[in-house]
Each structure stands twice: as structure tokens, then as C-alpha cells.
Chemist: 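Below is the structure I would like to discuss, written out as C-alpha cells.
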Number of protein chains: 2
Amino acid sequence: MENLSSKQEQVLKFLVDFNAEHGFPPTIRELCHYFGFKSLNTAHFHLRSLEKKGYIQVHPGKGRGITLPGARPLSERQIPVVGRIAAGMPILALENIEDFLGIDKGFFGAETTFAVQVRGDSMKDAHIQDGDYVIIKIQDQAEKGDIVAALIDDEVTLKYFYRTKNQIRLESANPKYPPLIFRKGDPRSFRILGIMIGLVRKR
Amino acid sequence: MENLSSKQEQVLKFLVDFNAEHGFPPTIRELCHYFGFKSLNTAHFHLRSLEKKGYIQVHPGKGRGITLPGARPLSERQIPVVGRIAAGMPILALENIEDFLGIDKGFFGAETTFAVQVRGDSMKDAHIQDGDYVIIKIQDQAEKGDIVAALIDDEVTLKYFYRTKNQIRLESANPKYPPLIFRKGDPRSFRILGIMIGLVRKR
DNA sequence: TGACAAATAGAACATTTGTTCTATACCATG
DNA sequence: CATGGTATAGAACAAATGTTCTATTTGTCA
């Protein structure tokens, strides 16, 4: 992105601050007033410069029609909670999404993430409780020892991942549950959805 | 807060969505258009109702002058991470705040919250790991069995809380650590900061 | 020095946007 | 049945806001 002059930076900062405080952007006149400009055109000019450099979006003719970066639809900002995944569906198909967590994507350090709510105590030795939301970074590869979300038939499971030459082993973090072993030709469909990068617990 | 009629809820949702998508609130006419209202007054009326019930703020005379609930400066929206607490300081004094978690206050169901990052394994049987952020709702009372954040001298500690007639007992969730007992006249200063209502783990 | 971008001023004008007043209809509740 | 909250329509008007055009100043860079 092109660099900003110091004045332009000040203007951008004002826009961001104003927006954070009021919930809507300032008018051109408010901008003028804040900086003591005596001409509307001065403010207008700065807005156009900022737009040309890609820092903001100006919507001609609309009052307070300024879009600042970071303004995206809620559904693109929050982490979706995925329930049962219909066979063949992409993970993030709307049909699979039960809810959203009020947490910015990116908070956990990855943009393509989803969450699953854990049921049962099969991961208790990894300090994952019944009801916890586990944050999964979407990727189809995993390293040994990763906690992965895997899709077995149309069920999402959370397990430790291990692989040897000719088999994949999924282990629970609870000795009560036996490991799941997949060899070539296993009739169950199997797919890695992603690896665990975080956890959220309410209560 | 007063309850909303279903129509009012729809309007509020539209306001929130519109704002998230564009970065500024809609005009009354845009509201009309979206819902197919044929009179400006219909939209105007809904805005006033929502304001009366405390869900939004309308700024008379200002174009797109609607402030939605989540519109506050970042520092007022995010959960502060508190480190060491200087003696006598209020918990949320700036001096005590190390960082912010990119999570809306209120996500965990309480407005006055803070987070502490857990060190050590003293709460491991409660499925709380070294490095986890524990979300604390600020209050100076606790019930037996609550996990509380307590200030002992100027150190923040996380423990199970129990009290009997004449003593307070703080237990770890790890048999390795002995309980802490407070009786009247204990030379250490003691204060409950709040109770645990959530947890966030990265990695 | 000439060219050019950044910054600013002033003013007229066109649009967009909010306000207010008057009415009507429906529904629940006492 | 009267009352009050919710929901809606229509219209005239007032205020807020964006647009555009013309100029001037200043500093940088070739």
C-alpha cells in the first residue's frame, strides 16, 4: 500500500477514532471542523487521497459514506461453529454452521478456522472438557501429535493424530477409549478437517 | 433491558448487519427500502422505539446518526489481560493491564471482566493448562466450589473457593499443592477479585 | 527554473437525509 | 368498549451533507 503523508495519517487516525467512538464515520464538515480547515474541499481532498491510496472507501453521494478497513460482514469476522457435516459438503457450507462465536477470526492466528463443540470426555487428558469449543485451523495435513478434527463418515471427531507407513492412528486423550486405526481400504470415509489451534470455554 | 417485538428485533439485526458490512449505519430511507416500508415514518418510528428501549442511540439531525451497542473504543470492548496487581490499585487500572484479548466483553455473558494468564499446573485437574487465559467476572463474593481469582498480597491466584464459619480455604486442582487457609488475623492481605466464567487457550 | 504533488480557501449548487404532522389499522388488556 | 402499544402510509419541509469549479501557496525534485 502506498505511503501516507503525515497529514493523511492524521486524517485516517481521526476517521478511525471517530468511528470507534460514535459508531459511524464523520461528515466532511466534521472533518473540517476537527482540523480547523476553512474549506470543505480540503477535507474532501484528503478523503479522495486516502481512497486513491487504498486506505478507505468513499461512497459518493452518501452522507458519512466512508468505509474503513476492517469493515466486513459479521459472518466473515466471526468463527463459525460447525455441527454435523453433511457428506460431501464443504466444511463451511451454511448448512453445517450452527452458530458463531463472538471472536474475531485471526485472534487465534489463522483466518480459515471453525469451531466444534466437544461432546464427552474423550479428550480430558488434553484438558478439553465436555462443552468446550475447540478452534480448528482448516488444513488437510497434520503432523504426528497434533490434535486434529477429522471427519469419519459424516461425524466430526477430535483426536490425537499419528501415522505410520501404512496406517493412520487416532488416539483419544482418555485411556477409557481405544484408538481408531485406519488402514488402506477401510470402508469408512476419512478426512482431516484441520488441526486444533485454540480452545474457548464458557462457564 | 426491555424486550423487543419481533419486528423490532429484525430492524435491530438489519442495523447491525448493515453496519458490519458497510462500516456505517443505514439512513432511514435505506431502512425503509430494505423492509419495503412505504413511509419514512415507519422506519423513523422503529428507530425511536429501539432507542426508547435502550438498544441503540439516535443522534437527531445527523445523517446515519445511529450508534449501535458494540460501538465503543476498542479498549472498552475487549477483555483486558491483567498481570501483577499493584497493591491498593483498582484491578483495571491501566498499570495492571498487559494486553487485550480480541474478544468482545459480553461474549462470556458479563460486562465487567478481565483475564489472567495461568502459570503452572496448579489447576490442571480443572482442565486449566499453563498458558491458558482464564476469564474472570469481577465480583467480591463467591460461592463454595467456584473457581476464584484472588489477590493475596499483590499476587493473583486462581483457586477453588471454600469457606467455613471461621476460615476461608483455597484449593488447587492438583493434589501436589496444599490448600491455602485464611483465618481471622492472617497477616497476608486477601481479596476476591472475581469468579471464573470462561477460558481461552491459544495453541 | 519548471513541473508537480500536497495542502488549503471560497462559494454556489445539488442531493441526501432527518423531522413532523396527520391518519388508519390491528391487537391485547383491563 | 376504551386504552395503549405496535405498525403503517403520505406529504411537506427543514437541515445536513456531498460535489464541483476556481484559485493560491508551499515544498520537492529533476
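Side chains are part of it too, since the values below use all heavy atoms of this structure and drop only hydrogens, waters and symmetry mates. To find a chain, count down the sequence lines: A is the first, B the second, and so on, and within it residues start at 1.
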Chemist: Name all residues meeting the ring pair (Phe, Tyr, Trp, His ring centres under 6.0 Å) criterion together with His33(A); count only those two or more places apart in sequence or in a different chain, and write none if there are none.
Modeler: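 Applying ring pair (Phe, Tyr, Trp, His ring centres under 6.0 Å) to His33(A) gives none.
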
Chemist: May I ask you to evaluate whether Gln8(B) reaches the phosphate of dG5(D), defined as a side-chain N or O under 4.0 Å from OP1 or OP2?
Modeler: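 Result: no.
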
Chemist: Quick one: is dG5(D) close enough that its OP1 or OP2 comes under 4.0 Å of any side-chain N or O from Lys53(B)?
Modeler: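 No, because none of the side-chain N or O atoms of Lys53(B) sits under 4.0 Å from OP1 or OP2 of dG5(D).
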
Chemist: Under the ring pair (Phe, Tyr, Trp, His ring centres under 6.0 Å) rule, what pairs show up with a residue in residues 147-174 of chain B, not counting sequence neighbours?
Modeler: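 For residues 147-174 of chain B, and leaving out neighbouring residues, there are no ring pair (Phe, Tyr, Trp, His ring centres under 6.0 Å) pairs at all.
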
Chemist: How far does the helix from dT1(C)-dA30(D) to dG30(C)-dC1(D) bend, going by the axes of its first and last five pairs, to the nearest 10°?
Modeler: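 Here the local axes at opposite ends form an angle of 40°.
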
Chemist: Rounded to whole Å, please give me the gap between CZ in Phe24(A) and C1' in dG18(C).
Modeler: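 So the CZ-C1' distance, Phe24(A) to dG18(C), works out to 13 Å.
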
Chemist: Classify every nucleotide of nucleotides 11-16 of chain D by which part a protein heavy atom approaches to under 4.0 Å, writing B for the base, S for the sugar-phosphate alone and - for neither, in 5'-to-3' order.
Modeler: -----S

Chemist: Taking atom C1' of dG4(D) as reference, at what distance in whole Å does atom NZ of Lys52(B) sit?
Modeler: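 Answer to the nearest Å: 12 Å.
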
Chemist: When you check the phosphate oxygens OP1 and OP2 of dT8(D), does a side-chain N or O of His46(B) lie under 4.0 Å from one of them?
Modeler: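 For dT8(D), OP1 or OP2 has a side-chain N or O of His46(B) closer than 4.0 Å.
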
Chemist: Quick one: is Lys7(A) getting a side-chain N or O under 4.0 Å of the dT8(C) phosphate, OP1 or OP2?
Modeler: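 Yes, because at least one side-chain N or O of Lys7(A) sits under 4.0 Å from OP1 or OP2 of dT8(C).
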
Chemist: When you measure from the side chain of Asp130(A) to the backbone N and O of Gly120(A), does any donor-acceptor pair fall under 3.5 Å?
Modeler: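 Yes, the answer is positive, given that a donor and an acceptor are paired below the 3.5 Å cut-off.
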
Chemist: Measure from NE2 on His44(A) to P on dA14(C) and round the result to the nearest Å.
Modeler: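 Nearest whole value for this atom pair: 16 Å.
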
Chemist: Taking atom C1' of dC21(D) as reference, at what distance in whole Å does atom CZ of Arg48(A) sit?
Modeler: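 So the two atoms are 15 Å apart, to the nearest Å.
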
Chemist: Name all residues meeting the salt bridge (charged side-chain N to carboxylate O under 4.0 Å, His left out) criterion together with Arg188(B); count only those two or more places apart in sequence or in a different chain, and write none if there are none.
Modeler: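 For Arg188(B) the salt bridge (charged side-chain N to carboxylate O under 4.0 Å, His left out) partners, ignoring immediate neighbours, are Asp186(B).
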
Chemist: Leu50(A) has an atom CG; how far is it from atom P of dA6(C), in whole Å?
Modeler: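 Atom-to-atom, Leu50(A) to dA6(C), this comes out as 11 Å.
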
Chemist: Leu47(A) CG to dA6(C) C1': how many Å, rounded?
Modeler: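 The distance from CG of Leu47(A) to C1' of dA6(C) comes to 15 Å, rounded to the nearest Å.
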
Chemist: What's the shortest heavy-atom distance between Phe190(B) and Ala150(B), and which atoms?
Modeler: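 What the structure gives for the nearest pair is CE1-CB, 3.9 Å.
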
Chemist: Mind jotting down which residue pairs meet the salt bridge (Lys or Arg N to Asp or Glu O under 4.0 Å) criterion with at least one end in residues 57-66 of chain A? Sequence neighbours excluded, please.
Modeler: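 Listed by first then second residue: Glu30(A)-Arg64(A).
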
Chemist: Looking at the side chain of Phe37(B), which of dT8(D), dA7(C), dG10(D) is the nearest nucleotide?
Modeler: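 Of dT8(D), dA7(C), dG10(D), dT8(D) is nearest to the side chain of Phe37(B).
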
Chemist: Not counting sequence neighbours, list each pair that qualifies as a ring pair (Phe, Tyr, Trp, His ring centres under 6.0 Å) and has a residue in residues 126-151 of chain A.
Modeler: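 Ring pair (Phe, Tyr, Trp, His ring centres under 6.0 Å) check on residues 126-151 of chain A returns His127(A)-His127(B).
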
Chemist: Taking only residues two or more places apart in sequence or in another chain, which ones pass side-chain contact (heavy atoms from CB on, under 4.5 Å) with Tyr34(B)?
Modeler: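 In terms of side-chain contact (heavy atoms from CB on, under 4.5 Å), with neighbours along the sequence ignored, Tyr34(B) is linked to Phe14(B).
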
Chemist: Could you pick out which residue, Phe45(A) or Ile66(B), lies toward the 5' side of DNA chain C when each is mapped onto its nearest nucleotide?
Modeler: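 Whichever sits nearer the 5' end wins; that is Phe45(A).
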
Chemist: Return the set of residues passing ring pair (Phe, Tyr, Trp, His ring centres under 6.0 Å) with Phe37(A) (not counting sequence neighbours), or none when no residue passes.
Modeler: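 So Phe37(A) forms a ring pair (Phe, Tyr, Trp, His ring centres under 6.0 Å) with Phe35(A), His46(A).
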
Chemist: Quickly work out the Ile28(A) CD1 to dT20(D) P distance and round it to whole Å.
Modeler: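 It is 10 Å, rounded to the nearest whole Å.
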
Chemist: Kindly indicate whether the side chain of Leu68(B), heavy atoms from C-beta on, has any atom under 4.5 Å from the side chain of Asn19(B).
Modeler: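 A side-chain contact under 4.5 Å exists here.
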
Chemist: From the list dG18(D), dT8(C), dT8(D), which nucleotide is the closest neighbour of the side chain of Thr42(B)?
Modeler: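 Selected nucleotide (nearest to the side chain): dT8(D).
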
Chemist: Rounded to whole angstroms, how far apart are CG on Leu31(B) and P on dT17(C)?
Modeler: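 One finds 12 Å between P of dT17(C) and CG of Leu31(B), rounded.
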
